[in-house]
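To keep things clear, I will list the structure first and then write my remarks on it.
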Amino acid sequence: MAYFFSEPSRTFSEYLLVPGYSSAECIPANVSLKTPVVKYRRGEEPALTMNVPMVSAVMQAVSGEQMGIALAKEGGIAFIYVSQPIEQQAEMVRRVKNYKAGFVISDSNLRLGDTLADVLALKERTGHSTMAVTDDGTGTGKLLGLVTSRDYRVSRMDPATPVSEFMTPAEKIVSAPEGTSLKAANDIIWDHKLNALPIVSAGGHLVSFVFRKDYDSHKGNPLELLDSQKRYVVGAGINSRDYEERVPALVEAGADVLVIDSSEGYSEWQKRTLAWIRSRYGDTVKVGAGNVVDGEGFRFLADCGADFVKVGIGGGSICITRETKGIGRGQATAVIDVAAERDRYFAETGVYVPICADGGIVQDYHITLALAMGADFCMLGRYFSRFDESPTSKVLIGGSYMKEYWGEGSARARNWQRYDLGGAAKLSFEEGVDSYVPYAGKLSDGMATTLSKVRSTMCNCGALTIPELREKAKLTLVSSVSIVEGGAHDVLLKDTTNSGNQRS
Ligand code: IMP
């Protein structure tokens with residue numbers, strides 16, 4: 001007979017934290033959000049930790065190289081999306097690893113044949129006014145010229161004018177050779193009154209830009225996540241199909257941690273993938289697995305050798321898995337159940353396997369709830385897709401700026417490997433939608449607000465660390481009526497953009 005769980009499955013919004021005693025030391029400045037990413041034995045240190053409990057989703061609309069750099073700067077990890085050719089994904093990883101603060105890889109590039117109309121469209125999409133003209137239209141092609149807003153006048157020029165007619169050609173550009181220090185680059189910028197200095201290889205290929213404003217505003221990032229060679233830490237998604245080619249390419253590119261990206265992880269496919277990685281690399285390659293939503297699924301993946309386990313089916317904002325297939329579980333219940341199994345597993349084996357709450361984080365406080373319920377860190381898609389650093393277009397809709405955000409299971413992403421149960425060349429139905437999310441500016445600003453809320457709530461619970469929060473948290477279910485009471489109510493709001501009930 002079928003098994004019935006005795007409790008309904010619940011989501012984060014059905015819970016609140018009840019404050020505990022806060023001592024005088026319990027202030028946000030004293031809170032540490034450090035958390036393990038990969039498994040470790042009792043008494044040992046994990047091989048990889050993060051300084052904030054947030055990772056970005058393995059999605060085309062979320063995690064490219066810009067996200068990798070920006071999130072590592074803030075202390076978290078981006079998982080570069082897997083639904084792209086292996087070499088392209090490895091190149092993104094390489095770019096994060098090779099990134100040097102102040103040296104920006106150009107993401108607004110043109111070819112000689114492009115027109116003023118293309119320049120304007122690119123500016124609208126990226127918001128950048130300095131564009132490189134390269135032979136192949138990439139940020140590392142041979143540098144042929146530069147276009148800035150000083151080079152054209154929209155009101156006087158035909159939109160069909162080719163860039164070759166108004167760009168500053170390469171021979172007139174002040175540039176610096178590869179290997180120039182940031183200090184020397186800054187001196188050149190000042191001496192020549194430049195806004196941007198291209199760094200060019202011996203063969204004439206663009207390497208990066210140094211911008212005047214970046215140098216001015218460059219300040220320390222106290223939480224930034226660096227490897228032993230002081231390079232940013234970055235993750236990458238893999239699938240259970242082409243791992244024999246993809247994993248070596250990503251490892252060679254310098255990925256610090258991998259994760260099997262799948263909508264449903266309690267499967268022989270994940271077992272085979274993990275076994276292959278362990279047989280080839282032992283424990284040197286770190287790899288998470290998932291997704292699961294109960295203790296049984298967690299134990300299976302932990303026994304298969306996963307370094308961490310991802311929790312969540314059907315809770316993602318763009319996800320329609322529950323509607324289309326009828327599988328899933330309320331995300332709060334899934335996290336609570338898996339966390340309990342993780343603790344039992346630790347007690348039995350002495351091995352602590354961190355868990356990641358993936359999907360369904362809508363309010364900032366949901367992160368705190370997930371941590372209180374036992375998650376070691378959270379994976380977010382929608383949240384990160386709203387920032388400048390996500391790879392998608394910024395578009396103006398009805399007077400407001402939006403960013404595009406689509407699911408990996410949508411026809412747009414065509415990431416069928418994520419849903420493939422073997423045999424099928426492609427999936428015959430979608431599990432995700434294509435959507436817009438409100439544009440939210442710079443990632444560093446957004447995360448600063450979110451994490452200050454997390455720290456503040458932890459203090460209300462008397463906790464200065466994530467393990468302490470888990471130990472001290474008192475959670476209460478809320479009735480549907482008290483949810484209404486939780487928002488602004490029975491008043492006429494003057495400014496609806498500041499209702500306190502805004503989604504982050
Ligand atoms: P969000 O943070 O609520 O937007 O959820 C992001 C998570 O949704 C990802 O990390 C994935 O686990 C999951 N996801 C991504 N694309 C799809 C899809 O097309 N269908 C279902 N789930 C998806």
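Just follow the structure's listing: the first ligand is 1, and inside any ligand the first atom is 1. It should be emphasised that the depicted structure is a prediction, and the values quoted were computed from it without experimental measurement.
- In this structure, Arg231 contributes its side chain and Tyr99 its backbone to no donor-acceptor pair below 3.5 Å.
- Proximity of Glu430 to ligand 1, defined as any heavy-atom pair under 4.0 Å, is not found for any part of the residue.
- Glu431 O, 2.7 Å is the protein heavy atom nearest to atom 20 (N) of ligand 1.
- In this structure a side-chain-to-backbone donor-acceptor pair under 3.5 Å is missing from Asp307 to Val38.
- With values rounded to the nearest 0.5 angstrom, Ile466 atom CD1 is found 5.0 Å from Leu33 atom CG.
- Across Gly432, Gly312, Ser435, Gly316, heavy-atom proximity to atom 5 (O) of ligand 1 is greatest for Gly316.
- Between atom CG of residue Asn109 and atom OG1 of residue Thr138 there is a gap of 6.5 Å, rounded to the nearest 0.5 Å.
- For a threshold of 3.5 Å applied to N or O pairs, the pair formed by Lys310 and ligand 1 contains no separation below that value.
- Closest to atom 6 (C) of ligand 1, if we only count protein heavy atoms, is Tyr405 OH, 3.7 Å.
- Taking any N or O of Gly360, backbone or side chain, at least one lies under 3.5 Å from an N or O belonging to ligand 1.
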Checklist entry - Can you check salt bridge (Lys or Arg N to Asp or Glu O under 4.0 Å) on Arg299 and Glu348, steps first, answer last? => result CA-CA 12 Å; Arg299 190 166 278 265; Glu348 282 168 30; 3.0 Å; yes
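- Applying the 6.0 Å contact sphere to NZ of Lys97 captures more than 12 heavy atoms from other residues, nucleotides or ligands.
- Of all protein heavy atoms, the one lying nearest to atom 7 (C) of ligand 1 is Asp358 OD1, 3.5 Å.
- Listed by number with element, the atoms of ligand 1 under 4.0 Å from a non-hydrogen atom of Arg382 are 1 (P), 2 (O), 4 (O).
- Contacts with ligand 1 closer than 4.0 Å are made by no heavy atom of Trp406, backbone or side chain.
- Ranking the protein heavy atoms by distance from atom 21 (C) of ligand 1 puts Cys319 SG, 3.0 Å first.
- For atom 11 (C) of ligand 1, the closest heavy atom belonging to the protein is Arg418 NH2, 3.1 Å.
- Annotation: Phe387 is not in aromatic contact with Tyr439 [ring centroid separation under 6.0 Å not met].
- Close contacts between ligand 1 and Ala57 involve ligand atoms 9 (C), 10 (O) [criterion: under 4.0 Å to a heavy atom].
- Side-chain contact, Tyr352 with Arg42: no donor N or O sits under 3.5 Å from an acceptor N or O.
- For an aromatic pair to be called close, the ring centres must be under 6.0 Å apart, and Phe298 with Phe300 fails this.
- Among protein heavy atoms, the minimum distance from atom 17 (C) of ligand 1 is reached at Tyr419 OH, 3.3 Å.
- What sits closest to atom 15 (C) of ligand 1 on the protein, heavy atoms only, is Met59 CE, 3.5 Å.
- Interatomic distance, Ser208 OG to Arg95 CZ, rounded to the nearest 0.5 Å: 10.5 Å.
- Annotation: Thr321 places no N or O atom under 3.5 Å from an N or O atom of ligand 1; distance criterion only.
- In terms of protein heavy atoms, atom 16 (N) of ligand 1 is closest to Glu408 N, 2.9 Å.
- Every atom of ligand 1 is numbered from 1 in the order shown, and the set under 4.0 Å from a heavy atom of Leu380 is 2 (O).
- Remark: among candidates Ala413, Ser317, Ala411, the nearest residue to atom 3 (O) of ligand 1 is Ser317, based on non-hydrogen atoms.
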Checklist entry - Which is it for Arg94 and Glu91 under the salt bridge (Lys or Arg N to Asp or Glu O under 4.0 Å) test, yes or no, and what are the steps along the way? => result CA-CA 5 Å; Arg94 222 171 275 128; Glu91 184 56 27; 2.7 Å; yes
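- In terms of polar-atom proximity, defined here as any N/O pair under 3.5 Å, Gly381 does make such a contact with ligand 1.
- Below 4.0 Å from some heavy atom of Met379 lie the following atoms of ligand 1, by number and element: 10 (O).
- For ligand 1, one of its N or O atoms has an N or O atom of Gly409 under 3.5 Å away.
- Listed here is the closest heavy atom pair of Phe429 and Glu431: CE1-OE2, 3.8 Å.
- Just one of Tyr405, Trp406, Tyr81 meets the side chain to side chain donor-acceptor pair (under 3.5 Å) condition when paired with Gln60; it is Trp406.
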